[in-house]
2 protein chains.
Amino acid sequence: MSELVTIRDASMTTGVSAKMIRHYESIGLISAPARTENRYRHYSQRDIHELGFIRKARDLGFPIEDIRHLLALWRDRSRSSAEVKAIALRHIADLDEKAAALQAMSATLKHLASNCHGDNRPDCPIIDALDRLG
Amino acid sequence: MSELVTIRDASMTTGVSAKMIRHYESIGLISAPARTENRYRHYSQRDIHELGFIRKARDLGFPIEDIRHLLALWRDRSRSSAEVKAIALRHIADLDEKAAALQAMSATLKHLASNCHGDNRPDCPIIDALDRLG
DNA sequence: ATATGGGGTTCCCATGATGGGAAGGTCAAG
DNA sequence: CTTGACCTTCCCATCATGGGAACCCCATAT
């Protein structure tokens, strides 16, 4: 009765590319789905749900290994929220650190660029900074 | 009189790893340095200066292809600062966009984490978000 | 029936910037 | 002559993702 959910269907409903679905299977992030006689993969509602979970975790920037852990906690009804929170907090710190690094670069460049007249003369504080400052 | 500057010396004075110096040469970002009879690379002061330039540009997050362009402008005494500025402004926009994306993730997660009691109970808004929200 | 098109499958290669490490050559000092 | 510290080239790994080849399967249009 329920139509076979192909990898394309799974991809479209979850927003995870077919390429990545196969990849997640190959690295053991998701378990291998059922196959038809033709060796075509088909996905259960549970599979789809799990792919949706992965998609949302990726959208929040979690690395695959974190997601592996989060999936295990998700499946474990006796999990402690403390463990989930710890993963999230570490990730938040990582995101903040990376964002701060990018912003520092941006701020430096903005300062240099604001002092660069940007005309056809060669003088340029940006080039000067790369040239001279250590 | 000037002692031979080996790749290690160049690495130590510029902060670019020997590995990366060879890599930059292999992709044509820097030109091949002189070699001793033993095929050991040795670097001129100009080479060192150029590696320092690359190092600073990398520290500001410029991708290699931008640096290739910046190096060309640097060497060109008749450059227009407008061209340098344009590269910098594009890069600033890129940095800002990436930083904003990371901050958005962080903000979402901070919100979820702040509502997560983080004890030994399983209930957790972080998991709920990954589970349910689309 | 058969051609066409659009799925599926596996496998290899590429990205960007960087590092690890193997296998082998060279050189100075003990 | 060995030891150790360099150098050389070459291959492989990271992280998440996509491109594309070569091939199989099936439904529909001619």
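Each chain gets a letter, A, B and so on, in the order its sequence line appears, and its residues count up from 1.
Backbone-only contact: B:Y24 has heavy atoms under 4.0 Å from sugar-phosphate atoms and none from a base. Using a 4.0 Å heavy-atom cutoff across all strands shown, B:R8 reaches sugar-phosphate atoms only and no base atom.
Within residues 38-48 of chain B, the residues having any heavy atom closer than 4.0 Å to DNA chain D are, in order of number, B:R39, B:Y40, B:R41.
OP1 or OP2 of C:dT18 has not a single side-chain nitrogen or oxygen of B:S17 nearer than 4.0 Å. Distances shorter than 4.0 Å separate some side-chain N or O of A:R35 from OP1 or OP2 on C:dT10. When the side-chain nitrogen and oxygen atoms of A:T6 are compared with OP1 and OP2 of C:dG7, none of them lie within a distance under 4.0 Å.
Taking only side-chain atoms of A:R22, from C-beta outward, the nucleotide of D:dT9, D:dG18, C:dT9 with the closest atom is C:dT9. For B:R58, counting side-chain heavy atoms from C-beta on, the closest listed nucleotide (C:dA17, C:dC11, D:dA16) is C:dA17. Looking at the side chain of B:K19, the nearest of the listed nucleotides C:dT10, C:dG20, D:dT9 is C:dG20.
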Do any side-chain atoms of residues 16-26 of chain B form donor-acceptor pairs under 3.5 angstrom with protein atoms, and if so which ones, sequence neighbours left out?
unit_1, atom_1, unit_2, atom_2, d
B:S17, OG, B:M20, N, 3.0
B:E25, OE1, B:R41, NE, 2.7
B:S26, OG, B:H23, O, 2.8

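Regarding A:E3, its CD atom lies at a distance of 14 Å from the C1' atom of D:dA27, rounded to whole Å. Rounding to whole angstrom units, CZ of residue B:R68 and C1' of C:dG16 are separated by 13 Å. Rounding to whole angstrom units, NZ of residue A:K98 and C1' of C:dA17 are separated by 14 Å. With rounding to whole Å, B:E25 atom CD is found 13 Å from D:dC7 atom C1'. Computed from coordinates, the B:L51 CG to C:dA17 P distance equals 16 Å when rounded to whole Å. In this structure, the NE2 atom of A:H23 is 15 Å from the C1' atom of D:dG19, given to the nearest Å. Spacing between atom CD1 of B:I27 and atom C1' of C:dT18 amounts to 12 Å, rounded to whole angstrom units. For the pair A:I7 CD1 and C:dG6 C1', the computed distance is 15 Å after rounding to whole Å.
The closest side-chain heavy-atom distance from A:W74 to A:V84 is not below 4.5 Å. You'll find the side chain of B:D59 stays beyond 4.5 Å of the side chain of A:M105, heavy atoms only.
In this structure a side-chain-to-backbone donor-acceptor pair under 3.5 Å is present from A:S81 to B:R121. With hydrogens and angles ignored, the 3.5 Å screen pairs a side-chain donor or acceptor of A:H91 with a backbone N or O of A:L60. For the pair B:D96 (side chain) and B:A93 (backbone), a donor-acceptor distance under 3.5 Å is absent.
Residues B:M20 and A:A18 each lie close to DNA chain C; by heavy-atom proximity, the contact nearer the 5' end of the strand is made by A:A18.
Tested against B:K85, the residues A:P125, A:C116, A:S114 include a single side-chain contact (heavy atoms from CB on, under 4.5 Å) partner, A:C116.
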